[in-house]
Number of protein chains: 2
Amino acid sequence: MRITDLQYYLALTDNHNFSQVSQQFHVSQPTVSLAIQRLEKEVGAQLAIRSSHHNIVSLTHAGQVFAQHAQAILEQYNLALTEIGRIDEQSLLLGLPPIIQISYFPEIAGRLSNQALEHLKTVEVGAHKAIQLLQDGKLDASFLGYLEAINQNDFQVLQFDQRPFEIVVANDHPLATRPTISFKELADQNFILLKGSFIHKQAFEQLAQANHLQPNILFSSSEPYAILNLVSQNRGIGFMVSSKNIQHPDVKFIPLSDPEQPQLKVGFVYRKSPILTTEQNTIFNEILAAIHTPML
Amino acid sequence: MRITDLQYYLALTDNHNFSQVSQQFHVSQPTVSLAIQRLEKEVGAQLAIRSSHHNIVSLTHAGQVFAQHAQAILEQYNLALTEIGRIDEQSLLLGLPPIIQISYFPEIAGRLSNQALEHLKTVEVGAHKAIQLLQDGKLDASFLGYLEAINQNDFQVLQFDQRPFEIVVANDHPLATRPTISFKELADQNFILLKGSFIHKQAFEQLAQANHLQPNILFSSSEPYAILNLVSQNRGIGFMVSSKNIQHPDVKFIPLSDPEQPQLKVGFVYRKSPILTTEQNTIFNEILAAIHTPML
DNA sequence: CAAAGTTATTAATTTTTTTAATAGCAAGGG
DNA sequence: CCCTTGCTATTAAAAAAATTAATAACTTTG
């Protein structure tokens with residue numbers, strides 16, 4: 001069985017037309033015809049039901065089953081090629097969601113050696129995209145921010161921190177003296193949110209829904225300091241995970257008192273048995289050591 | 001890329017010897033040599049480090065990465081062959097753990113049409129083995145008995161019932177009048193357990209451990225009625241999930257009062273997007289309908 | 001019933017794979 | 001040291017497999 005035959009077959013399952021497949025791959029029509037016959041002989045079952053009827057090639061039951069496996073094989077094949085293609089770059093390619101980049105990565109980076117930092121490349125991705133890229137072999141590992149535990153069979157997810165979302169108000173805001181605030185007290189406030197952070201939005205909506213509110217969102221910025229500035233001018237209030245990396249003299253972070261509140265969970269994810277060069281492995285272990293030390 | 005080349009390569013990763021691989025596959029040594037060269041050319045990287053040195057062929061980093069993918073591809077290939085090989089039998093092959101066979105399957109079978117029952121074949125398997133066989137394409141679906149939620153990415157697990165384990169005593173046993181019993185009261189009892197049911201054993205040990213006991217197990221039988229008989233003769237007490245399919249006039253099932261007690265969870269598992277013949281699909285849907293009706 | 005669109009078959013050609021023979025290399029034993 | 005042993009690579013020839021162009025055969029459609 002050859003990979004090209006599988007490619008023809010998979011194209012056929014899309015196309016339902018031998019001739020078109022042959023054109024797609026710049027080969028003659030009998031090539032495709034014979035390729036499919038070869039496959040059928042090898043698996044011992046008819047895969048496609050041909051009809052000189054215009055346009056209609058349908059799959060047998062075996063053909064449908066086989067299509068799934070053919071796809072899986074091709075994916076694995078492509079994965080192999082991209083992964084091996086990436087080997088020469090001796091760096092470790094890391095996914096980094098925006099929130100982590102802001103709130104955690106400075107601290108983690110501080111714990112890494114220069115040698116490790118030099119060979120570390122990061123790509124900005126959300127949690128969903130990160131898993132996708134890992135699956136495609138386009139990332140070696142990724143940080144993740146999420147609200148609900150992530151379960152991915154083939155990947156190891158290490159959760160290394162968790163912290164609540166807080167309300168940000170100006171120091172001279174009426175709420176600034178409060179030790180805690182419940183979300184439903186904020187029905188009339190204007191919110192300034194973090195743009196591009198799917199997680200902040202998700203957490204915000206979760207709280208809004210639980211409290212049956214539809215809070216007004218004044219503005220979204222992808223730059224946390226822009227938000228703190230606007231908050232300090234009392235243009236609105238913020239909703240953000242507190243972090244020692246995000247500070248402003250004129251604003252105050254106030255915890256929520258809601259009994260059920262979303263928590264930002266922060267994790268590190270990688271293939272269960274990653275094969276790394278010794279250089280990559282060194283960096284990898286440094287990162288693992290860094291996240292195993294509690295965050296401030 | 002051909003499957004046979006991958007087979008040679010994988011054998012080589014075991015063997016570290018081109019000549020032995022060639023003998024294994026009854027081909028000449030240059031065949032293997034050239035196959036590996038072809039692979040290396042196709043993936044664009046050296047895979048094996050040869051040495052005319054006796055016995056030492058080692059893998060490059062790329063070679064190790066590629067070995068993983070080669071294995072995955074071969075597994076998928078074999079899976080395709082076995083699955084397609086099973087298609088002709090028009091029946092649905094179902095895994096059935098012993099406990100389910102005794103406690104649930106009679107009721108479920110009663111809800112199926114004759115047509116469905118005729119084409120249903122069952123294989124006795126534990127939960128672990130069931131998932132293994134599903135992954136190998138050797139089962140279409142399986143019932144599962146388990147204590148802790150099962151998480152399997154590629155499979156759909158429907159939990160359709162859950163019930164506690166109970167103590168079985170003879171009607172004239174001193175404990176027979178009790179509405180409930182706590183497990184730690186049973187330290188001095190002789191137990192008669194269900195043999196071959198990994199789940200019963202696991203639940204029993206869980207309770208024993210939680211109560212810091214090492215209860216005496218008098219006997220294990222794989223036949224539930226043998227247990228009930230012995231219990232009725234006051235030879236010992238039983239530990240079993242109650243079921244209307246397992247009854248005996250001279251014994252009584254008594255619930256445990258322990259706050260934390262294991263529950264037998266009963267589920268049905270199948271590939272997320274199963275491809276079934278229309279006949280199989282009919283049976284499949286009947287089973288789904290049957291388990292969606294609450295059990296007695 | 002002819003035209004258009006499809007897949008299968010055939011025989012010739014081309015490409016790829018396999019082989020037998022052999023070269024070449026390194027280690028180990030006398 | 002040299003010969004033997006055990007290995008892989010390289011050849012050139014042979015065998016096998018894949019591809020093609022040409023064409024047959026079939027079905028629907030106008």
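Every chain is numbered from 1 and lettered A, B, ... according to where its sequence line falls, protein lines coming before strand lines.
Note: CD (A:Q29) to C1' (D:dC26) measures 13 Å, nearest angstrom. When the P atom of C:dT7 is taken as reference, atom CG of A:L59 falls 13 Å away, rounded to whole Å. Nucleotide D:dT8 holds its P atom 10 Å from the CD atom of B:Q23, rounded to whole Å. Taking atom CE of A:M1 as the reference point, atom P of D:dA18 lies 12 Å away to the nearest angstrom. Atom CG of A:L12 and atom P of C:dT6 are 13 Å apart (whole Å). Between B:I49 atom CD1 and C:dC25 atom P the separation is 19 Å, expressed in whole Å. Rounded to whole angstrom, the span from the CG atom of A:D5 across to the C1' atom of D:dA17 amounts to 11 Å. A:H26 places its NE2 atom 15 Å from the P atom of D:dT19, with the value rounded to the nearest Å.
Closest contact between the side chain of A:T31 and the listed nucleotides D:dT20, C:dT7, C:dT19 involves D:dT20. With C:dT7, C:dT9, D:dT10 as the candidates, the nucleotide lying closest to the side chain of A:P30 is C:dT9. Checked against D:dT10, C:dA20, C:dT17, the side chain of B:S28 finds its nearest nucleotide in C:dA20. Nearest to the side-chain atoms of B:L34 among the listed nucleotides C:dT9, D:dT20, C:dT19 stands C:dT19.
In summary, the side chains of B:S273 and A:Q68 do present a donor paired with an acceptor at a separation below 3.5 Å, with no hydrogens or angles considered. Side-chain contact of B:Y77 with A:E42: a donor-acceptor pair under 3.5 Å is present, judged by distance alone.
Distances shorter than 4.0 Å separate some side-chain N or O of A:S19 from OP1 or OP2 on C:dT7. Residue B:N17 has no polar side-chain atom (N or O) positioned under 4.0 Å from OP1 or OP2 of D:dG6. Contact check, B:R38 against C:dT17: a side-chain N or O comes under 4.0 Å of OP1 or OP2. Taking 4.0 angstrom as the limit, B:R2 places a side-chain polar atom (N or O) nearer than this to OP1 or OP2 of C:dT18. Taking 4.0 angstrom as the limit, A:Q37 places none of its side-chain polar atoms (N or O) nearer than this to OP1 or OP2 of C:dT7.
In this structure, A:V27 reaches the sugar-phosphate backbone alone: every heavy-atom distance under 4.0 Å involves primed, P, OP1 or OP2 atoms, never a base.
A:Y104 and A:F143 have their aromatic ring centers separated by at least 6.0 angstrom. For B:F25 and B:Y8, the gap between ring centers is short of 6.0 Å.
Here the straight-line distance linking atom CD1 of B:I291 with atom CZ of B:F268 works out to 5.5 Å at 0.5 Å rounding.
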